Each structure stands twice: as structure tokens, then as C-alpha cells.
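Only a predicted model underlies this, so the values are computations on that prediction, with no experimental measurement involved.
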Amino acid sequence: MTERDAALVAAVRAGDAERVRDLLGAGAAPGAVGEDGLPVLCAAVAAFASGVAEALVAAGSDRDQRLPDGTTPLLRAIEAACATARGADRSPEIAEALARLLDAEDQDVRLSGAYGLALRDDPRTVEAYARVGRLDRPEYEHDHRPDGLWRWKLRNAPSG
């Protein structure tokens with residue numbers, strides 16, 4: 001591992017998006033591998049460091065890279081968002097992390113953020129689903145996440 005790549009691994013671990021962008025601009029490899037043997041993109045995903053993840057992907061990190069366990073960084077991001085949304089931690093920080101996913105370029109990531117907010121009965125759910133955009137790809141036919149808005153509306157409809 002080069003010094004730049006080692007510095008990139010440290011910056012990703014620290015969640016320092018600006019430093020990550022600087023190191024990538026200076027030649028650090030966007031697909032650098034951390035001590036765990038996984039691409040640094042996986043560390044950014046696990047930390048919900050969306051700015052870091054976006055910098056890595058913009059520089060060429062492969063979000064669809066097949067990992068030893070058969071997943072991909074993108075799939076891990078989606079699974080983490082859904083698991084976090086279902087979790088017991090109802091802190092505002094988790095809701096904000098889910099809301100930050102709505103800024104992602106990838107529609108699947110935005111959908112996971114919107115679904116997570118719906119599961120938490122967050123008042124930003126309607127706006128979140130609007131930011132996801134039209135879900136007309138065939139892979140969404142059997143996906144449970146698009147129904148999150150409908151279920152949120154049922155739970156939050158005024159009685160009477």
C-alpha cells in the first residue's frame with residue numbers, strides 16, 4: 001500500500017470528505033483496500049459517511065464491486081440504511097443520516113433513505129419519496145421499499 005493510499009484509508013476512517021477528495025486528487029487509489037481487506041468505500045458506507053462515499057465513487061471506486069461475501073458496497077449501503085431504520089435507536093442523528101441519503105445520485109440509495117424515514121414516521125417522508133423519483137425499473141416490482149410511503153400515509157392519516 002502506498003503512503004497516499006494509507007492516508008486515504010485513515011481519512012475515510014475519520015470521515016474527512018475534504019481530505020479524501022484532496023488525497024484522491026493527489027493520486028490515491030479510489031479502490032484502496034483497508035486493513036480489513038475490503039475497499040475503503042465499504043468503510044465509508046458502514047459509517048454513513050455519504051460525502052466520503054460520494055467522493056470515492058466520483059473518483060472511480062466501484063460501488064458494484066463483488067466482495068468476498070457476495071455483496072457489493074451499494075448493496076451494503078442499502079442493507080445498512082434499512083437495518084438502521086428498523087433499529088431501536090431513535091436518535092435525531094440516525095434520522096439525519098437517513099435524510100442525507102436523499103442527496104445521493106443513486107436512486108436505490110435515495111429510496112433506502114426515504115424508506116428509513118417512513119419506518120421512523122418522520123414528517124419528511126412525503127418529500128423524501130418525491131426526491132427518490134419515478135420507480136419504473138423492473139427490479140422495483142417486488143421491492144417492499146416503494147410501499148413505505150403508502151404505509152406511512154395510512155399510519156399518519158387523520159382519524160375521522
I'd like to check Glu139 versus Asp108 (side-chain heavy atoms, cut-off strictly below 4.5 Å). Are they in contact?
no
Does some side-chain heavy atom of Trp152 sit less than 4.5 Å from a side-chain heavy atom of Arg155?
yes
For Arg120, is there an ion pair with Asp122 - N to carboxylate O distance below 4.0 angstrom?
no
When you compare the side chain of Tyr140 with that of Asp136, does any pair of heavy atoms fall below 4.5 Å?
no
Can you confirm whether Val52 sits close enough to Asp16 that some side-chain heavy atom of one is under 4.5 Å from a side-chain heavy atom of the other?
no
Atom CD of Glu79 with >12 non-hydrogen neighbours under 6.0 angstrom:
yes
Output yes when Arg137 and Asp143 qualify as a salt bridge under the 4.0 Å nitrogen-oxygen rule, no when they do not.
no
Between Gln107 and Arg134, is there a donor-acceptor pair closer than 3.5 Å when you use the side chain of the first and the backbone of the second?
yes
I need the Gln65 CD to Thr71 OG1 distance, nearest 0.5 Å.
10.0 Å
Does any non-hydrogen side-chain atom of Pro30 lie less than 4.5 Å from one of Leu8?
no
Between the side chain of Asp5 and the main-chain N/O of Ala29, is any donor-acceptor distance below 3.5 Å?
yes
Partner of Val109 by side chain to side chain contact (heavy atoms under 4.5 Å, CB included), out of Asp103, Val45, Leu101:
Leu101
Taking the side chain as everything from C-beta on, heavy atoms only, tell me whether Tyr129 gets closer than 4.5 Å to Leu111.
yes
Taking only Lys NZ, Arg NE, NH1 and NH2, and the carboxylate oxygens of Asp or Glu, determine whether Glu54 and Arg21 approach each other closer than 4.0 Å.
no
Check whether any side-chain heavy atom of Leu135 lies under 4.5 Å from a side-chain heavy atom of Arg145, and answer yes or no.
no
Donor-acceptor check, side chain of Arg63 to backbone of Val57, threshold 3.5 angstrom: yes or no?
no
Would you say Arg4's side chain and Ala28's backbone share a donor-acceptor pair under 3.5 angstrom?
no
